[in-house]
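Working notes, structure below.
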Amino acid sequence: MSKAKISILSLLKTLSESPDTVSPEDITKAITHSFKDELSPVQTGTLLTTLHFTKLDQKPEIIAAAAKAMRAAGLKVDGLQADVWGNETSEGKYGGGLVDIVGTGGDGHNTFNVSTTSAILASGCGLRICKHGNKASTSASGSADILTSLGAKLMAITPPIVTSIFNEPSKRNFCFLYAPVFHPAMRHVAPIRRELGHRTIFNLLGPLANPIDYSVLGGLEARIIGVGRRELGQIFAETMKILGARKGMVVCGEEGLDEVSCECRTECWRLLEDPKTKEVIVDHFFVHPKETFGIPTHSLSEVAGGRGPDENAAILERLLKGQEQDDEKAVKDFVLVNTAALITISGLLGPVERVPGGTVAKGAVWKSAVEKAKEGISSGKAWDEWSKFVEKSQKAEGTQT
């Protein structure tokens, strides 16, 4: 017997006739019904299409509502020790909490897997990385594809395994959460999304749906989210504020890149806590490879992807081991500026001074972060963190079979 369906016809009529009267709570309820497979495919498709063409899916409060529904429908990570969440009174300094770096994807540039590589490298620099990701949908190699090629058994990384990774005495610094494991309800929506032929609000939710953000003790201490369209920068910053983020940065390369660009300026929207009022504010400025980080510029053609996961994985391994080939120097610099941005924003090297609005960030801390990233390679710590994660995932898979 098929499952009884719930009708959201009245909401759909309101969306088409007077969309501005629809509340975030209405969207939360509707998205929740779709995750529970309680809506017909037609109504789910109509909901997503109407949100798209009314541009309601560009409003921070609506995106936040959908993200909350996605969080509630996902698996939780319980039992993490208190130190995982960092020191809330650190006033910009890194308190030892969990950190992520991720892009929305779909920017059309098909560059190397820089966020994934930067996440691993940052773990070797002292940041505790809990990266959330998936297989490729619009590129040749997604984060999960490249990590699987390097031996990780991502389906084996379940909530108890995540807890053990960060709680065990060795205090490992890297973990990857594979989206299909932690968001099984997405299977009810995925076929409908594929048939719609246009982007939906779900294209924006991945970077906002890291399972750590709705675990019992708190969320990520810091994060960088890359967007491929500059109009999404302020939108994402405001959405993160609504969802409770207190430290982070949204970035968009001026060429429409959802990473920190290695070619030109990157527009930034930084979330930080005002030390006096404790209110989260958003600073708007730019970073530049040479001016901010002291790194030579490279065209995006030099860091283009298009390679399959196995080839990208081989490049990632060489980079983390300091064995990159001559034609991979640009990719390494690309990784270094993104890793340095994460190190800086997380406060690993101390609080970061505010950047005057609309100017290019400069100062010793940004360049020091590049040197810190290089140390993560030369010390062997980044590759060690990755190797230990692979070993943990393989052992976990062995216990499940």
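Nothing here was measured: the structure is a model prediction, and the numbers come from that model.
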*Do His132 and Asp100 have side-chain atoms, one donor and one acceptor, less than 3.5 Å apart?*
no
*Can you name the closest pair of heavy atoms from His288 and Lys290 and give their distance?*
ND1-N, 3.1 Å
*Which heavy-atom pair separates Asn338 from Ser118 by the least distance, and what is that distance?*
CB-OG, 3.4 Å
_Heavy-atom side-chain proximity of Trp269 to Asp283 below 4.5 angstrom_ = no
*Is it true that Glu317 and Lys321 have a side-chain N and a carboxylate O under 4.0 angstrom from each other?*
yes
_Measuring only between side-chain heavy atoms, which start at C-beta, is Glu255 closer than 4.5 Å to Leu300?_
yes
_Determine whether Glu385 and Arg172 satisfy the following criterion, salt bridge (Lys or Arg N to Asp or Glu O under 4.0 Å), listing intermediate values before the conclusion._
CA-CA 7 Å; Glu385 288 292 344; Arg172 303 316 310 179; 3.4 Å; yes
*asked:* Do the side chains of Lys135 and Asp145 get close enough for a salt bridge, i.e. N-O under 4.0 angstrom?
replied: no
*Side chain proximity check, Leu98 to Ile129, heavy atoms < 4.5 angstrom*: no
_N/O donor-acceptor pair under 3.5 Å between Asp258 side chain and Val227 backbone_ = no
*Distance-only, no hydrogens or angles: does the Arg246 side chain make a donor-acceptor pair with backbone N or O of Lys278 under 3.5 Å?*
yes
_Carboxylate-amine/guanidinium proximity below 4.0 Å for Glu324 and Lys329_ = yes
*Begin from the C-alpha positions of Glu328 and Lys332 and carry the test salt bridge (Lys or Arg N to Asp or Glu O under 4.0 Å) through to its verdict.*
CA-CA 6 Å; Glu328 294 164 358; Lys332 180 178 180 179; over 6 Å; no
*Do the two ring centres, one from His33 and one from His188, sit under 6.0 Å apart?*
no
*So, the side chain of Glu221 versus the backbone of Gly95: is there a donor-acceptor pair under 3.5 Å, distance only?*
yes
*Between Leu75 and Pro184, what is the shortest heavy-atom contact and its length?*
CG-CD, 4.3 Å
*Does the pair Ser115 and Glu259 meet the rule for a side chain to side chain donor-acceptor pair (under 3.5 Å), with working shown?*
CA-CA 7 Å; Ser115 292; Glu259 315 281 0; 2.7 Å; yes
*Is Met155 close to Tyr178 at the side-chain level, that is, under 4.5 Å between some pair of heavy atoms?*
yes
_Using side-chain heavy atoms (C-beta onward) and a distance below 4.5 Å, is Asp26 in contact with Thr14?_
no
*Ignoring hydrogens and angles, state whether a donor on the side chain of Ser387 or Asp384 is under 3.5 Å from an acceptor on the partner side chain.*
no
_Whether the side chain of Ser379 engages the backbone of Lys381 through a donor-acceptor N/O pair (distance < 3.5 Å, no angle test) should be reported._
yes
*asked:* How long is the straight-line distance from CZ of Phe389 back to NZ of Lys131, given to the nearest 0.5 Å?
replied: 12.0 Å
*asked:* On a heavy-atom basis, which atom in Ala65 and which in Thr28 lie closest, and how many Å separate them?
replied: CB-OG1, 3.2 Å
*Check the side chains of Ser261 and Glu254 for a donor-acceptor pair under 3.5 angstrom, ignoring hydrogens and angles.*
no
*Shortest non-hydrogen contact between Leu121 and Leu336, atoms and distance*: CD2-CD2, 4.3 Å
*Check the pair Glu291 / Arg265 against salt bridge (Lys or Arg N to Asp or Glu O under 4.0 Å), numbers first and verdict last.*
CA-CA 9 Å; Glu291 296 177 48; Arg265 295 195 310 176; over 6 Å; no
*Is there a donor-acceptor pair closer than 3.5 Å between any side-chain N or O of Gln43 and the backbone N or O of Ser40?*
no
*Which atom pair, heavy atoms only, marks the closest approach of Ser143 to Asn134?*
OG-O, 3.2 Å
*Is it true that Lys5 and Asp37 make a salt bridge, defined as a side-chain N closer than 4.0 Å to a carboxylate O?*
yes
*Mind running side chain to side chain contact (heavy atoms under 4.5 Å, CB included) on Leu271 and Met249 for me, showing each step along the way?*
CA-CA 6 Å; Leu271 281 74; Met249 190 162 72; over 6 Å; no
*Apply the test side chain to side chain contact (heavy atoms under 4.5 Å, CB included) to residues Ile27 and Leu51: give CA-CA distance (whole Å), side-chain angles for both, the deciding distance (0.1 Å), then the verdict.*
CA-CA 9 Å; Ile27 301 304; Leu51 287 173; 3.8 Å; yes
*Are any side-chain N or O atoms of His284 and backbone N or O atoms of Arg270, one a donor and one an acceptor, separated by less than 3.5 Å?*
no
*What is the ring orientation for Phe285 with Trp366, classed by angle as parallel under 30°, tilted 30 to 60°, or perpendicular over 60°?*
perpendicular
_Test item: Ser18 side-chain N/O and Thr21 main-chain N/O as donor-acceptor pair under 3.5 Å_ = no
*Geometric cation-pi criterion, Arg193 with Phe202: 6.0 Å, 45°*: no
*Give the intermediate values and the outcome of salt bridge (Lys or Arg N to Asp or Glu O under 4.0 Å) for residues Lys388 and Glu391.*
CA-CA 5 Å; Lys388 291 296 193 298; Glu391 181 182 352; 5.2 Å; no
*Measure from the ring center of Phe53 to the ring center of His198 and say whether it is less than 6.0 Å.*
yes
*Thr117 vs Phe112 side-chain heavy atoms within contact, under 4.5 Å*: yes
